[in-house]
Amino acid sequence: MSKIEWRVDNGTHIVLRKPPLLRRKIELNGQPVDGEWRSKSFAFTLADGRPADIELKADLLSRHTELRVGGKLIPDTRYVPEDLRCPHCNAEIQLIDEFCAKCGHALGDPDRFIYQRSVTGATSAIRLLAALFAIFGVAMFFLMRPTTQTALANLSRYQDQEVLEPINGVTYTAGELRKRVVWEQRGVLIVNLILSVTMLVLAWWSKTKPLPAILIATAIYAAVQVIGAIIDPSTIFQGIIIKAVIIAVLVRGIKGALSARTENG
Amino acid sequence: MPEEPAPPADPESGNLPKDRWVPEPAPSTWRWDELRVVGWLYALLLFTSLVGGIAYSMDRDGDFGFWTTLVDAVVIVAFAIRYRAEIVPLLSPSTFDLNARKKLAIAAAVQFVALGAVFYLLEMAGLPFERITDEIERHDYSLWQLLALYSLAPALFEEIAFRGVIFERLRRVLGDREGWLVQAAFFSILHLNPVIFPTHFAMGLIFGWLRMRTGSLLPGMILHAAWNAANIVLELYR
């Protein structure tokens, strides 16, 4: 049985239950709510007369259920900390409160917790990418070592200034080609470490400025896929589902950060 | 602070006929729309680089540098026409006044001295850069063709794209400072070479600073073209 709970305020606890093979049931403060589902939407009224509406939605990443009370999107209990406190004076607050009753601090709409979750997801993805770039760079550096040493051994019989046969239409001296061979191995390590450090900086920056940080991280991730595809076109479709999920998590993070920013002005 | 869009005309005041009045979109909606424009332009430029890059890796003798530049130019001009109301004033010769010339001189000094030194050190460290002379050997380009393709065209179109269309959208959503940083990051990332991300990020910041301080794209275009031309001439004649 799946169950979703919303604690709108101290006197309003809503539960949506979906028993296997049975219809969805809605409870308000422990009592079943009468009503009918219309096109994946269930409208009802709270005890104090506020209109409420539960809607079933789906996007690329997941199916989710939204509750709106008086037009405001209410996050379910998975998103909201149990002990909800004012970030300014630490007094106890309700999810639906727009302002702190004690200090008057503006709290924003309840859906801020959903946006925070999207931003946290995107930040985690950025940290994961930082780790993957570092691991890939170090692994490739050691895997390329034998090939590099063989190429350098083959080139050792030429003097630095000797001009070699053209490679892909480009003519190199032995010295230039030696430099390129050495840099090919070092380059993979350096490039991936630069990407890893950049992603770590962006993950750190996203704590204070999530929107620009996630925008840049998304742009880098897309560009890295293109660079990989130019080097080896077969990589375009390798792990395409994982790539799509990472892009979707980052785009959701952008939307979340944008919504949170709009609310905060 | 970014400028908020003008409030919609009040149908009651008679500014617009009632049937043409539309409610103002929510802030998150128009901000998302602005970011989508940035996303589309970025994605299209990335896509032309992808197609051009794959074609080049399959046929090293093909003239894909020219075709990629041409397609990029068409895409950027299309966006510039769509947003002509904000791009055309940035290209007006009257914006290249004394203030713009002073700022250009400062930016040119910083770029040529500081970034010149960084590139010199990278080369001394043995970092292999793409050689423009390889293009001459492959396609028999003249110096003027090289300058048009690798100095003038990128300066013109990249400035319109990054400091024009993209920067304008980003500043509305993010504000001046963050918009400035993000456009510079996009500029460096789209060069598709992580080794030069930091140096091109710095260049993007300099061109963006010129755009912000002068209200013109012309100083950035001049500095961008001069930097690219200096690199070509240095490689050819040193």
Side-chain angles (χ1 to χ4, degrees), chain A residues 115 133 137 166-172 175-184 186-188 190-198 202 205 209 211-233 236 251 254-255 257-263 265, chain B residues 1 26-32 34-35 38-39 42-43 45-62 125-128 130-131 133-135 137-138 170 173-175 177-198 201:
Chain A
Y115 304 142
F133 283 132
I167 301 169
N168 291 329
V170 182
T171 311
Y172 297 103
E176 281 174 337
L177 198 57
R178 246 191 292 272
K179 233 188 237 180
R180 282 198 168 251
V181 169
V182 170
W183 266 100
E184 204 159 308
R186 276 188 208 164
V188 173
I190 291 172
V191 162
N192 280 284
L193 289 183
I194 288 175
L195 289 170
S196 176
V197 170
T198 308
L202 290 171
W205 196 33
K209 300 280 179 192
L211 184 54
I214 303 170
L215 277 172
I216 295 174
T218 310
I220 292 178
Y221 183 68
V224 167
Q225 299 314 311
V226 167
I227 295 169
I230 290 172
I231 295 168
D232 178 5
I236 295 176
V251 171
I254 292 171
K255 281 188 171 180
L258 184 65
S259 302
R261 192 184 184 98
T262 305
E263 272 191 10
Chain B
M1 285 299 290
S28 62
T29 308
W30 70 258
R31 286 178 183 179
W32 176 245
E34 298 283 25
L35 288 183
V38 173
Y42 183 86
L45 295 178
L46 205 54
F47 184 69
T48 55
S49 298
L50 172 68
V51 175
I54 290 175
Y56 177 72
S57 62
M58 291 163 81
D59 175 12
R60 298 270 171 176
D61 292 326
L127 189 73
E130 283 302 312
R131 298 178 310 191
T133 39
D134 296 340
E135 291 295 299
E137 282 171 22
R138 282 195 206 107
L170 289 173
V173 179
L174 300 168
R177 196 165 152 268
E178 288 170 28
W180 175 56
L181 291 171
V182 175
Q183 64 80 25
F186 282 11
F187 172 72
S188 68
I189 295 163
L190 260 178
H191 281 81
L192 297 185
N193 183 352
V195 176
I196 57 168
F197 273 3
F201 178 66

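Note that these values count all heavy atoms, side chains included, but never hydrogens, waters or copies made by symmetry. Residue numbers begin at 1 in each chain, while the letters A, B, ... track the order of the sequences.
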Checking B:I189 against A:T198 for the side chain to side chain contact (heavy atoms under 4.5 Å, CB included) test, could you report, in this order, the C-alpha distance in whole Å, the side-chain angles of both residues, the deciding distance, and whether it holds? CA-CA 11 Å; B:I189 295 163; A:T198 308; over 6 Å; no
Are the side chains of B:V173 and A:L211 in touch, meaning some heavy atoms are under 4.5 Å apart?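 Contact flag for B:V173/A:L211 side chains = yes.
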Part of [X] lying under 4.5 Å from any heavy atom of chain B:
X	result
A:Q225	neither
A:L195	side chain
A:I231	neither

After noting the C-alpha distance and the side-chain angles of A:L215 and B:V38, does the key distance pass the side chain to side chain contact (heavy atoms under 4.5 Å, CB included) rule? CA-CA 10 Å; A:L215 277 172; B:V38 173; over 6 Å; no
Name all pairs fulfilling the side-chain hydrogen bond (donor to acceptor under 3.5 Å, both in side chains) condition that reach into residues 183-198 of chain B, sequence neighbours left out, sorted by first residue then second.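 Every side-chain hydrogen bond (donor to acceptor under 3.5 Å, both in side chains) pair that includes a residue of residues 183-198 of chain B, provided the two are not neighbours, is B:R163-B:Q183.
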Top of A:I220, A:T218, A:V182 for chain B proximity - count of heavy-atom pairs under 4.5 angstrom: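 Most heavy-atom pairs within the cutoff with chain B belong to A:I220.
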Given the options A:G187, A:A222, A:P212, which has more heavy-atom pairs under 4.5 Å with chain B than any of the others?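 Among A:G187, A:A222, A:P212, the one with the most close pairs to chain B is A:P212.
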Evaluate the side chain to side chain contact (heavy atoms under 4.5 Å, CB included) criterion for residues B:L181 and A:W205: first the C-alpha distance (whole Å), next the side-chain angles of each, then the deciding distance (0.1 Å), finally the verdict. CA-CA 12 Å; B:L181 291 171; A:W205 196 33; 4.0 Å; yes
Side chain from CB out, backbone as N, CA, C, O: work out which of these in B:L190 comes under 4.5 Å of a heavy atom of chain A, or both, or neither.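 Contact with chain A involves no heavy atom of B:L190 at all.
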Applying salt bridge (charged side-chain N to carboxylate O under 4.0 Å, His left out), can you list everything that pairs with A:K209, at least two apart in sequence or on another chain?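 Counting only residues at least two positions away or on another chain, A:K209 forms a salt bridge (charged side-chain N to carboxylate O under 4.0 Å, His left out) with B:E178.
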On a heavy-atom basis, which atom in A:A223 and which in B:Y42 lie closest, and how many Å separate them?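 Taking every non-hydrogen atom into account, CB-OH, 3.8 Å.
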Determine the minimum heavy-atom distance between B:L50 and A:A229, stating which atoms define it.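 Of all heavy-atom pairs spanning B:L50 and A:A229, the closest is CD1-CB, 3.5 Å.
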Could you go through B:Y56 and A:I230, starting from their C-alpha distance and side-chain angles, then the distance that decides it, and tell me whether this counts as side chain to side chain contact (heavy atoms under 4.5 Å, CB included)? CA-CA 9 Å; B:Y56 177 72; A:I230 290 172; over 6 Å; no
